[in-house]
Amino acid sequence: MAQALGQPNSPVVEMRDITKRFGPVLANDRVSLDLWPGEIHAVLGENGAGKTTLMNVLAGMYQPDSGTIRIAGEPVRLDSPAAALRRGIGAVYQHFTLVPNLSILENVALGAEGGFVLDLAPAEAKVASMLADFGLDVSPRTEIRHLALGQRQRVEIIKVLLRGGRVLLLDEPTSVLTPGEVQSLLDLLRRLRDQGVAVVLITHKLGEALAVSDRVTILRAGRNAGDLGPDVMSGADRESVRARIIAQMFGSSPAAETDDSSMDHLPSVIPTPPRVIPTKEESRRPSRRRPEEPRFLADARHDRGAPAAARDEPTSETLLSLRNISTLGDRGAPALHDLSLDLLRGEVFGIAGVDGNGQKELGEVIAGQRPVTSGRVLLEGADITNRGVAAATRLGIGYVTDDRLHEGSVAESSVADNVALKSIGRKPFSNGFWLNRRAMEQQARRLIAEFDVKTPGPHTPIGMLSGGNIQKLLLARELALEPKVLVCNKPTTGLDLRTTQFVIRSLREQANAGNVVVLIASELDELIEISDRIGVMYSGQLVAVMPRAEADPETLGHLMLGGARRPRKASA
Amino acid sequence: MTIGGIPLAGFLTAMLAAGLVAAAPLVLAALGEAVGERSGLLNLGIEGMMLSGAFFGFTAAYLTGSAVWGVLAGIAAGSLLGTLFAVLTVSLRVDQVLVGLAITIFGAGLTAFLYRDVFGGQNPSLSLDTSRIAIPGLSQIPIIGDAMFNQSLLFYIAFALVPVFAFVLARTRFGLQVRAVGAYPFAADAAGVNVTRIRYQAALIAGAMAGVAGAFLSVADLKIFQIGMTVGTGFIALALTMVGGWNPYRILLAAILFGLLRSLGNGLQIIGVNVRTEFITMLPYIGIMVALALLAGKTSLPAALGVPYARGRR
Ligand SMILES: Nc1ncnc2c1ncn2[C@@H]1O[C@H](COP(=O)(O)OP(=O)(O)OP(=O)(O)O)[C@@H](O)[C@H]1O
Ligand SMILES: [Mg+2]
């Protein structure tokens, strides 16, 4: 499989002055991008910068309004994904494009040319050897729905390669992976690069980009904002490269807002000292809620850049208790087993764990979304076991699911409608019958401003926003309800550096106001940074709970994999 | 031994034959519907397509004196409406339920109008040679032989199409693409499948099969046309498609059961069982509802059923 496209010393893909407009939004404004065979090319930029759009143009999903694309020097029109695939360009989208009820083999064969009758036998051997080569111990006849996310991603890549793909486009591929899976994906990408494939890696995790890429293109507000070639990338000084990238991504924003290396979730790449989030002293904050005028995040914004201060000790008053909770997962298998936990006012309780060990179910139990089979849930002493989501919301329990796009939003509805969705029957959005459109719109505008959501306006369908901007908005919606207990499942996935920092700060604020925040995350650094206490889940149980001071990535990682608690540390 | 004066064997044969003849058009229409739904198209226009197939089939057969032309005209009428359905739902992305119901109402109105217009109040019947084809040997089997193996050509074709459709859906590239398009059109598109083309083809098949099912009623079976003669057969086929879980063999089974329940009802009336006729005629429909209720939650609808696809829409 030598160079099917172009010579190694000329680009395989040359995109020139690509412009793509969505109504009032210029998603790509005369963007240029060159891809060379045998390189990993990172495309970076803040939420809404136009990365996904550019990739969709190259993959044939979108038609550019103007601009040219050359492949191996030849001008082409890529008017469908099929056309792009024929030219050797394949994409792995953020939301995977595998049909869940078809087998791996059928998914690979789908769309490939051939006779009327499907003869899967010749492909089967090839797919099987690819699967083995990619470290997947599954039969090609396995249905996709039985595969884990990381496995599906590999199948996606295999699908592209077997179609003769020489250019592989990956949109935030690591956002769905555990830290271990991330490392092996990056290794795989390096291998493909060495075989001459041009890999495009869109990511918000700077560490990944720095670790693997030979070239970096930075987009800002739909335009080219910077290019770093192999000479710079292979240069010695990582820190200055990082600083340069950040400056180009966010423009002239003060370093204070963006210098945070803790977003870099690959400790092996760049060691990051744990940091304390700067917050203002508690006394400034209104402790009770004023429903008629949501305080929301106005205060939080003032706190940006505030000097670091010691965090308040959690007041030792239990807000929510879980007593001997057991519950079943989606497939009816036990997901939580006899779990007990007290959450204290004013604390951020972090939950670490490898995906699928009951974290999601725990979050759903607290949110009232998943009934328990035994045990009790007490909010301020009152039994709220199995009272359902509506009751939980009313009582002040908020939940941000990790599946924000499907569970969390109505894609066709406007930003304003989505913002009001959770409290649509209540004041100020409704008097119980008529909707108060003005109030809904005002609230939407407020959140858009607070969170710096990139949208043409409150009436735009939420599905039109960029991935990160949808995430921001839905998180903002939950925070705006000012819940006493807020459960967040991976709230920073897909957010850019600056927004991640803002979210972390907002959650801290939420706790400092006397509420409880339960943070489920697979990013250990982030977890350690923000949590007061950290619990580790393994196989449906909380196997350890420790104060932040005792937590470090190694200890947590060990416990997450079912290791025994190290003897040296004992805590209440 | 006799039942109500009829020899038992003869009675059973007649009941079985009536049941199978009732099942044949249901099988035809439901097979097409299964392909449509597997591709994500819920065709509520099936009733109107059948009625149009019945009318145009009848008229062509009447004018040409040939059953073959009749069946071809029925297919053509169904295909035309199937294409109309695709244009509106796939290309223009109008709601499938609305378009389907509109086609059903349109089909009923159009055929009623044209029937009065063309035949001017007469109710002619076809005098065609659609004589039964007895399969040598098999048709001699007692009781079932005459019911199953002494029927019209279209009857055999209907049942023969079951394995053909099963094969096409499961084992051909087209079938794979149909299944993918109905489950997750974005994935199919990204894999290089032309979603629009596949859905057009599926709609065409659904329409053609509904048309031929209608022609079966008017040309092969009853040899007359009546205004509104399908009386909900299309919707029954729709229900059978779901009861059969979009699987041709299970659809066949469901259709035969339905047909037999219906002929059993008629049989009971003939032999004068003392039950109200209304109840007896309800029997097969109750059967469908029970089946649907029992299967509720157990079948998995094609995920994108009823959902239009637009590339780049998120
Ligand atoms: N299909 C669409 N319809 C309307 N607007 C769109 C569409 N796709 C993208 N946009 C707009 O174009 C801009 C760029 O979006 P894009 O998805 O390319 O950003 P991104 O860089 O991938 O952001 P993120 O990091 O959040 O994923 C956004 O403002 C978005 O609202
Ligand atoms: Mg994106």
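- Counting heavy-atom neighbours within 6.0 Å of B/Phe106 CZ, excluding the residue itself, gives a total of 12 or less.
- Heavy-atom proximity under 4.5 angstrom to chain A picks out nothing from residues 25-48 of chain B.
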Under the side chain to side chain contact (heavy atoms under 4.5 Å, CB included) criterion, do A/Leu102 and B/Arg179 qualify, and how do the steps go? CA-CA 8 Å; A/Leu102 297 184; B/Arg179 284 181 286 144; 3.6 Å; yes
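- Counting heavy-atom neighbours within 6.0 Å of A/Arg163 CZ, excluding the residue itself, gives a total above 12.
- Between chain B and the residues A/Ser80, A/Pro461, A/Ala84, the largest count of heavy-atom pairs under 4.5 Å involves A/Ser80.
- The distance from atom CG of B/Asp189 to atom CG of A/Leu110, rounded to the nearest 0.5 Å, is 10.5 Å.
- Among all heavy-atom pairs drawn from B/Arg311 and A/Gly60, the shortest one is NH1-O, 3.9 Å.
- The part of A/Tyr93 that comes within reach of chain B is its side chain, from C-beta onward, which places non-hydrogen atoms under 4.5 angstrom from that chain.
- Among all heavy-atom pairs drawn from A/His95 and B/Tyr184, the shortest one is O-OH, 3.9 Å.
- Annotation: maximal heavy-atom pairing with chain B below 4.5 Å, among A/Gln63, A/Arg86, A/Glu113, occurs at A/Glu113.
- Contact annotation: the side chain of B/Arg173 approaches that of A/Leu118 to within less than 4.5 Å [non-hydrogen atoms, C-beta and beyond].
- For A/Leu98, the part sitting under 4.5 Å from any heavy atom of chain B is the backbone (N, CA, C, O) and nothing else.
- With respect to chain A, the highest number of heavy-atom pairs below 4.5 Å among B/Gly175, B/Ala180, B/Gly192, B/Ala191 belongs to B/Ala191.
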